[in-house]
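First comes the structure, then the notes that go with it.
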Amino acid sequence: MTRQDADMLELVNFVAGRRVSGTGPGTVLRDPLSGEPLARADSTGLDLPGAYAWARQHGGAALRALSYAERAALLARVAEVLQANRDKYYEIALRNAGTVRQDSAIDIEGGIYTLSYYAKLGAKLEGQAFRPDGEQVSLARDDAYAVRHIAVPARGLALLINAFNFPSWGLWEKAAPALLSGVPVVAKPATATAWLAHEMVADLLAAQVLPEGALSLVCGASAGLLDALAPGDVLSFTGSADTAALLRAHPRVARDALRMNAETDSLNCALLGPDAAAGGAAFDALVHEAVREITVKSGQKCTAIRRILVPQAAYQRMADAIASRLAAVTVGNPRNADVRMGSLVGRAQHDDVQAGIQALRAGSQVLFDGGQVRLLDADPAVAACVAPWLLGSPDPDNHPLAHDREVFGPLATLMPYRDAAHAYALARRGQGSLVASVYSDDSAFLARSALELADSHGRVHLVSPEAARTHTGHGNVMPQSLHGGPGRAGGGEELGGLRALALYHRRAAIQGAPARLRGLADAAGAT
Ligand code: NAP
């Protein structure tokens, strides 16, 4: 170990009520602009079975002893602690993720907002031990026997494995519904950007706002994380489809039927209605949104627009409009006030994105060439910066890669469609996506698109001219709305208000005489 390594910040693990260091060399986290080492994360040698048992026993019992409303109050305290420390989090995001302040806010403020939302939602919930599920139904002709469905908090823990692009939001959008449900959390942030999640958890543990065992953190390699899971635990994963496939094949999931939720890759699309081909407010709204989605967080968003579908007649006009807006985007060091788009998360990601761009541009037109953009205050040989690209695929039926390869960076591909049926067919070539957005002033087209796309997209985002200013954004995940998508997108469901609690509850049918079933509510203090 060099002197520099020895002086480096260590991201410790918070398990079994203690701060535990790894026993291996660990992985170094770097500033993506300079390559400077920032911190070291290591989970080698952790007693994960012991850590999990401790979380289940202490955290689970303490959380289940509280009512839903009391647990909601805990979430409000968590949000307060994070709010009080937010300046520090922006500094960490700048150094570790290379994001401009606006992009860091999506992660940091998005996490705090989601916590606050679940705190408010949970405050209105009654009861402690279960949530009712539907009406009681008679099972006997004389009504002397009936069934009632209830959902009770899982008695295990929630292992939350997150992707590198949202170290804050990714943690809290999962942890908020888990904790509100009464399930203790073990969080495993992606190593490359684990510093922010580590700092947040360290602040919360120092503030002692959560019961002991409710929140644990493992930083560094993932070896053994799934081996230590047990029946009753829940696994919630966000990351690539390849990693999700590996986890699904793990014996705890494949053989023991452990519940797993997966949020993975997505080739999301934006669709311009035929009525907007000649321009106008809906056309402009798509241009605005496409540029925003390509550039926000340098395109490192699972929900980003990757494919833009427009009527054939609008292809060139749309290409010119987006390209001219992209030409005005300044790219480089986020410490420079003139920079609008910072860097990717690291050099490995940079190389992966560059390889993806080269692969997709074979067989595409280059409508805006990010390779020609000069970086501000950043050395292209060192910094993980990639300027925005717009490719065009005039024959999208015969460009399979454009529907299949998710380049996790600032790139989208423009595609012309013949008619609405063709547009929907192209949208479905994404094999299941998180979100599709539709831009039109034609109510019938908007409604038909919603119904056509809903089975293959977790969210359909309609943008008509009167909503152009106030809509929440194609790529923004609102806790009120479902997040997830079928097929390629992982097949999972998160958020969507109280729907998110279902993952952390077990549903059971309780059969008995009606008078006895009424006792359930009395026993649990629920109505
Ligand atoms: P990744 O390489 O799949 O890693 C995701 C997480 O899994 C990381 O915490 C990683 O830890 C961990 N991991 C890797 N191998 C594992 C294993 N064998 N067992 C247990 N955990 C393991 O994905 P990423 O590169 O961080 O994120 C980019 C991808 O995530 C993109 O494809 C993007 O579309 C997707 N994403 C999806 C959503 C969504 O909501 N649908 C949101 C954000 C991102 P290490 O970092 O330590 O390797």
Side-chain angles (χ1 to χ4, degrees), residues 55-78 114-158 174-185 210-214 230-236 256-261 479-482 484 492-527:
R56 289 183 203 105
Q57 192 184 340
H58 294 274
L63 287 168
R64 287 196 305 276
L66 303 174
S67 66
Y68 287 96
E70 286 167 332
R71 295 195 288 263
L74 291 182
L75 297 184
R77 296 283 321 279
V78 170
T114 302
L115 276 160
S116 306
Y117 169 76
Y118 275 99
K120 280 207 187 91
L121 208 58
K124 295 183 206 136
L125 293 182
E126 294 176 355
Q128 171 177 342
F130 74 91
R131 291 187 28 78
D133 178 355
E135 298 296 314
Q136 187 165 302
V137 179
S138 178
L139 295 176
R141 258 190 245 154
D142 62 357
D143 287 342
Y145 202 66
V147 60
R148 182 169 180 196
H149 289 84
I150 62 169
V152 295
R155 295 253 168 164
L157 57 79
K174 286 179 163 56
L179 293 170
L180 180 57
S181 298
V183 177
V185 161
L210 289 168
E212 222 177 328
D233 291 340
V234 176
L235 170 61
S236 186
D256 301 348
L258 190 127
R259 185 180 284 174
M260 172 175 168
N261 191 73
Q480 296 85 348
S481 300
L482 198 69
E493 286 192 352
E494 290 182 334
L495 301 173
L498 291 176
R499 291 173 188 86
L501 273 57
L503 180 64
Y504 305 100
H505 282 72
R506 298 296 319 187
R507 188 161 39 205
I510 312 294
Q511 297 176 329
R516 310 295 173 163
L517 292 181
R518 278 196 288 279
L520 282 174
D522 301 337
T527 54

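Of the possible donor and acceptor atoms, none in the side chain of D256 sits under 3.5 Å from a partner among the backbone N and O of L258.
When all heavy atoms are compared, the tightest approach of L66 to Q128 is O-CG, 3.3 Å. Taking every heavy atom of both residues into account, A55 and L157 meet most closely at CB-CD2, 4.3 Å. Between D143 and P514, the shortest heavy-atom distance links the atoms O-CG, 3.4 Å. Among all heavy-atom pairs drawn from Y504 and A158, the shortest one is CE2-CB, 3.7 Å. Of all heavy-atom pairs spanning A129 and V152, the tightest one is O-CG1, 3.8 Å. Annotation for Y118 and A500: closest pair OH-CB, 3.4 Å, computed over non-hydrogen atoms.
A heavy-atom distance below 4.5 Å is not found between the side chains of S181 and R71. Contact of the L503 side chain with the S236 side chain is registered, since non-hydrogen atoms from C-beta on lie closer than 4.5 Å. Looking at heavy atoms from C-beta onward, E493 lies out of side-chain contact with R499 at the 4.5 angstrom threshold. I510 places a side-chain heavy atom less than 4.5 Å from the side chain of L520. No side-chain heavy atom of N261 sits under 4.5 Å from any side-chain heavy atom of K174.
In this structure, the separation between CG on L482 and CD on E494 is 9.5 Å, given to the nearest 0.5 Å. Rounding to the nearest 0.5 Å gives a distance of 4.0 Å between CG of D233 and CZ of R56. Note that NE2 of H149 is 11.0 Å distant from CD of Q136, once rounded to the nearest 0.5 Å. In this structure, the separation between CD on E135 and CG on D133 is 10.5 Å, given to the nearest 0.5 Å.
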### Query
side-chain contact (heavy atoms from CB on, under 4.5 Å) between R155 and R506: does it pass, once the steps are laid out?
CA-CA 9 Å; R155 295 253 168 164; R506 298 296 319 187; over 6 Å; no
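For R64, the CZ atom sits in a packed shell: over 12 heavy atoms of surrounding residues, nucleotides or ligands are nearer than 6.0 Å.
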